[in-house]
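The structure under discussion appears below in the form of structure tokens.
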Number of protein chains: 2
Amino acid sequence: MNDLVTIHEASMATGVSAKMIRHYESIGLIAAPVRTENRYRHYAARDLHELGFIRRARDLGFSIDDIRHLLALWRDRSRSSAEVKTIALRHIAALEEKAAALHAMSETLRHLAAHCHGDNRPDCPILDALDTLR
Amino acid sequence: MNDLVTIHEASMATGVSAKMIRHYESIGLIAAPVRTENRYRHYAARDLHELGFIRRARDLGFSIDDIRHLLALWRDRSRSSAEVKTIALRHIAALEEKAAALHAMSETLRHLAAHCHGDNRPDCPILDALDTLR
DNA sequence: ATATAAGTATCCCATCATAGGAAGGTCAAG
DNA sequence: CTTGACCTTCCTATGATGGGATACTTATAT
């Protein structure tokens, strides 16, 4: 059962950088791992599992605070799925809102760019719009 | 021609906070305005015009570096519109990429949430997915 | 005239998630 | 025994913005 790995190996195995693993420990997102007598951190399978969880949640855009919450629920076998779903739905709404805002900016610019010659002449609807948009 | 206004009035007129106006000056995005003998900044119509330009560009999601570039082109009456269009097209692509990434996260979560009861039972496809996504 | 409120100045600190780097310790292979 | 690949902690930076402290000036209201 000596499946303890160094921070570098944990990083390779989970896709979380060593820097971030230490950071997550410093902010209390993960527990401090065991240390060998030379003060090196060593991670067990369970730790790697948690780091994988965190990375996947980050990949889905969850904030560290959300992940803290999700991790607590994940560890709690008697949790209700309702709370998890609430967090997820709130996050979905936030993601969609941001995506829509970016898309709206993009569309505005796309229309302006469509009417910009993009040649050597100075006339430019894009700059004109920034001059007096709306 | 005494249409000089205080930083607060400039803020109200342009929608850029006084904090940010000072910040833009400190990073050299805008020129330092004239000061009265009490060291208060005073802005002329041309300054307000530039601040408005900056705010509109920010509203379209341009970075400060992009805006620095756009401002230089805007001030240059002999600029070519090609360069402006290049910046805009690059920005459009970046906006769309980010929007797509957010949307993809949202869709993944939406599918997971659709199969989550959201009741008092602990079973939760969302946590299961974070456990071993893909 | 004077007290109070509002505006201005500069400076420092915080956010959020992540990365870079310095300085020094430890270990394994050449 | 050196070299290089790790490890440690601590400090700094990012990008755009806001908050706050402290001190000064100006404008309003009693």
Side-chain angles (χ1 to χ4, degrees), chain A residues 2 4-30 32-43 47 50-51 53-71 91 94-95 97-98 101-102 105, chain B residues 2 4-30 32-43 47 50-51 53-71 90-91 94-95 98 101-102 105:
Chain A
N2 270 341
L4 293 178
V5 300
T6 67
I7 196 169
H8 184 68
E9 290 165 324
S11 170
M12 293 297 105
T14 62
V16 181
S17 74
K19 281 271 188 195
M20 289 312 296
I21 294 176
R22 294 194 194 93
H23 178 63
Y24 291 155
E25 178 188 335
S26 82
I27 63 174
L29 188 62
I30 58 176
V34 297
R35 303 260 191 150
T36 46
E37 71 269 6
N38 53 17
R39 303 208 27 82
Y40 285 14
R41 291 170 177 83
H42 282 270
Y43 297 90
D47 299 320
E50 287 208 3
L51 286 170
F53 180 99
I54 292 170
R55 187 188 55 74
R56 287 182 284 274
R58 287 293 303 140
D59 287 350
L60 286 173
F62 282 103
S63 71
I64 296 293
D65 262 4
D66 274 347
I67 295 175
R68 199 183 294 274
H69 204 157
L70 290 172
L71 265 176
H91 185 46
L95 287 171
E97 193 176 339
K98 279 183 206 161
L102 293 176
M105 292 180 202
Chain B
N2 270 339
L4 294 177
V5 301
T6 67
I7 197 168
H8 185 67
E9 290 164 325
S11 171
M12 293 296 105
T14 63
V16 181
S17 74
K19 279 269 189 200
M20 289 312 294
I21 295 176
R22 294 193 193 95
H23 178 62
Y24 290 154
E25 178 188 334
S26 83
I27 63 174
L29 188 62
I30 58 175
V34 296
R35 303 260 191 151
T36 46
E37 72 268 7
N38 54 17
R39 302 206 29 82
Y40 284 14
R41 292 169 177 84
H42 283 270
Y43 297 89
D47 300 320
E50 288 208 3
L51 286 170
F53 181 100
I54 292 170
R55 186 188 55 74
R56 286 182 285 274
R58 287 293 305 140
D59 287 349
L60 287 173
F62 282 103
S63 71
I64 294 294
D65 263 3
D66 274 347
I67 295 175
R68 200 183 293 275
H69 204 157
L70 290 172
L71 265 176
R90 180 166 42 71
H91 185 47
L95 287 170
K98 280 183 205 160
L102 293 176
M105 293 179 199

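Naming: A, B, ... by sequence-line order, numbering from 1 per chain.
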Give me the distances for all protein-to-nucleotides 18-22 of chain D N/O pairs that come in under 3.5 Å?
{"from": "dG18(D)", "atom 1": "OP2", "to": "S17(B)", "atom 2": "OG", "distance (Å)": "3.3"}
{"from": "dG19(D)", "atom 1": "N7", "to": "K19(B)", "atom 2": "NZ", "distance (Å)": "3.2"}
{"from": "dG19(D)", "atom 1": "O6", "to": "K19(B)", "atom 2": "NZ", "distance (Å)": "2.7"}
{"from": "dG20(D)", "atom 1": "O6", "to": "K19(B)", "atom 2": "NZ", "distance (Å)": "2.3"}

Restricting to nitrogen or oxygen on both sides, can you table the protein-nucleotides 4-6 of chain D pairs closer than 3.5 Å?
none

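The minimum heavy-atom distance linking S11(A) with S17(A) is given by the pair OG-CA, 3.6 Å. V5(A) and A10(A) make their closest contact through CG2-N, 3.9 Å (heavy atoms, listed as atom of the first residue, atom of the second, distance). Here the closest heavy-atom approach between residue M105(B) and residue L95(A) is recorded as CB-CD1, 3.8 Å.
An OP1 or OP2 oxygen of dT25(D) is reached within less than 4.0 angstrom by no side-chain nitrogen or oxygen of R35(B).
E97(A) CD: 12 or fewer foreign heavy atoms inside a 6.0 Å radius.
Within the model, atoms CE of M20(B) and CD1 of I7(B) stand 11.0 Å from one another, a figure rounded to the nearest 0.5 Å.
When each of R41(A) and D65(B) is assigned the nucleotide of DNA chain D with its nearest heavy atom, R41(A) is the one assigned upstream, toward the 5' end. The nearest heavy atom of DNA chain C to I64(A) and to A18(B) marks one nucleotide each, and the one closer to the 5' end goes with A18(B).
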Pairs of donor and acceptor atoms involving the side chains of residues 60-67 of chain B, under 3.5 Å and at least two apart or interchain, shall be tabulated with distances.
{"from": "S63(B)", "atom 1": "OG", "to": "D65(B)", "atom 2": "N", "distance (Å)": "3.4"}
{"from": "S63(B)", "atom 1": "OG", "to": "D66(B)", "atom 2": "N", "distance (Å)": "3.0"}

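In this structure, D47(B) has no salt bridge (Lys or Arg N to Asp or Glu O under 4.0 Å) partners at least two apart in sequence or on a different chain. Judged as a side-chain contact (heavy atoms from CB on, under 4.5 Å), and not counting sequence neighbours, the contacts of T36(A) are N38(A), Y40(A), H42(A). Applying the ring pair (Phe, Tyr, Trp, His ring centres under 6.0 Å) criterion to Y43(B), with sequence neighbours excluded, gives no partner residue. Take R22(A) and apply the salt bridge (Lys or Arg N to Asp or Glu O under 4.0 Å) test, not counting sequence neighbours, and it matches no residue. With sequence neighbours left out, the ring pair (Phe, Tyr, Trp, His ring centres under 6.0 Å) criterion links Y24(B) to no other residue. A search for salt bridge (Lys or Arg N to Asp or Glu O under 4.0 Å) contacts involving R35(B) returns E25(B), not counting sequence neighbours. Partners of T14(A) by side-chain contact (heavy atoms from CB on, under 4.5 Å), not counting sequence neighbours, listed by chain and number: V16(A), L48(A), L51(A).
When DNA chain C is scanned 5' to 3' for any atom under 4.0 Å from a heavy atom of chain A, the first and last hits are dA17(C) to dC27(C).
Sorted by residue number, the members of residues 21-29 of chain B with any non-hydrogen atom under 4.0 Å from DNA chain C read R22(B).
The nearest whole Å value for the distance from the CD1 atom in I54(B) to the P atom in dT17(D) is 10 Å.
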